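First comes the structure, then the notes that go with it.
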Amino acid sequence: MTADVETPAVPSTAPVLLPERLDTATVGVLKGLVQQAEATESALDASGVAYVGGLCLQVLLASGRPLVAPSEKVREAFALFGVSEFLSEPSTPSSELSA
């Protein structure tokens, strides 16, 4: 008798490219892109994002998908909303703070 070991399908490793503007009008598109990234176990490419609204920021955070190459505007939006620690890509090498 052989062991039932499933070999997972090879997911696409190419990141899913996000649109330039992530606002209320594009939240449906963003949700679809997040679902695509989840299905292929891909990251989200935020390199070309020039605007992030609060609703889309919430969708990104709730998705838990890693962001690759977040643009400066994405970094600013995460900082403005106080959630910079949720950016997948560290902006600087990690170091421990001493008290």
Side-chain angles (χ1 to χ4, degrees):
M1 191 163 157
T2 61
D4 285 334
V5 177
E6 289 187 32
T7 304
V10 177
S12 168
T13 57
V16 174
L17 185 62
L18 296 179
E20 182 178 349
R21 235 179 125 70
L22 294 175
D23 56 16
T24 304
T26 60
V27 75
V29 171
L30 177 59
K31 184 179 175 188
L33 293 171
V34 165
Q35 290 172 338
Q36 177 186 344
E38 288 172 345
T40 59
E41 297 181 11
S42 300
L44 298 169
D45 181 346
S47 61
V49 176
Y51 176 83
V52 182
L55 184 56
C56 286
L57 181 85
Q58 290 176 16
V59 171
L60 290 172
L61 289 170
S63 77
R65 300 304 317 154
L67 294 177
V68 295
S71 67
E72 187 59 34
K73 292 295 183 181
V74 169
R75 291 180 188 280
E76 288 174 7
F78 273 66
L80 179 66
F81 284 90
V83 293
S84 294
E85 67 273 12
F86 291 102
L87 279 174
S88 304
E89 238 182 35
S91 56
T92 58
S94 61
S95 61
E96 291 187 33
L97 298 175
S98 57

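Worth saying up front: this structure is predicted, and the values here are computed from it rather than measured.
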Verify same cluster id: Val49, Leu80 (apolar side-chain graph, 4.5 Å): yes
Least distance between heavy atoms, Leu22 atom then Cys56 atom: C-SG, 3.5 Å
Smallest separation among heavy atoms of Ala37 and Ala43, with atom names: CB-O, 4.3 Å
Euclidean distance, Arg75 CZ relative to Glu72 CD, rounded to 0.5 Å: 7.0 Å
same_hphob_cluster(Leu61, Phe81) at 4.5 Å side-chain heavy-atom cutoff: yes
Shortest non-hydrogen contact between Glu41 and Arg65, atoms and distance: C-NH2, 3.3 Å
Hphob cluster co-occupancy, Tyr51 + Leu87, side-chain heavy atoms under 4.5 angstrom: no
Nearest atoms (heavy-atom pairs only) where Ser42 meets Ala14: OG-O, 3.3 Å
ILVMFWY cluster, Val52 and Leu17 together (side-chain gap under 4.5 Å): no
Residues in salt bridge (charged side-chain N to carboxylate O under 4.0 Å, His left out) contact with Glu20, at least two apart in sequence or another chain: none
4.5 Å side-chain heavy-atom contact, Phe78 and Leu67: yes
Residues which pass side-chain hydrogen bond (donor to acceptor under 3.5 Å, both in side chains) with Thr26, listed by chain and number, not counting sequence neighbours: Asp23
Heavy-atom donor-acceptor pair, Ser71 side chain to Ala50 backbone, under 3.5 Å: no
Closest contact, heavy atoms only, Leu44 versus Ser63: CD1-OG, 4.3 Å
Sequence-distant partners of Gln58, side chain to side chain contact (heavy atoms under 4.5 Å, CB included), two or more places apart: Leu55
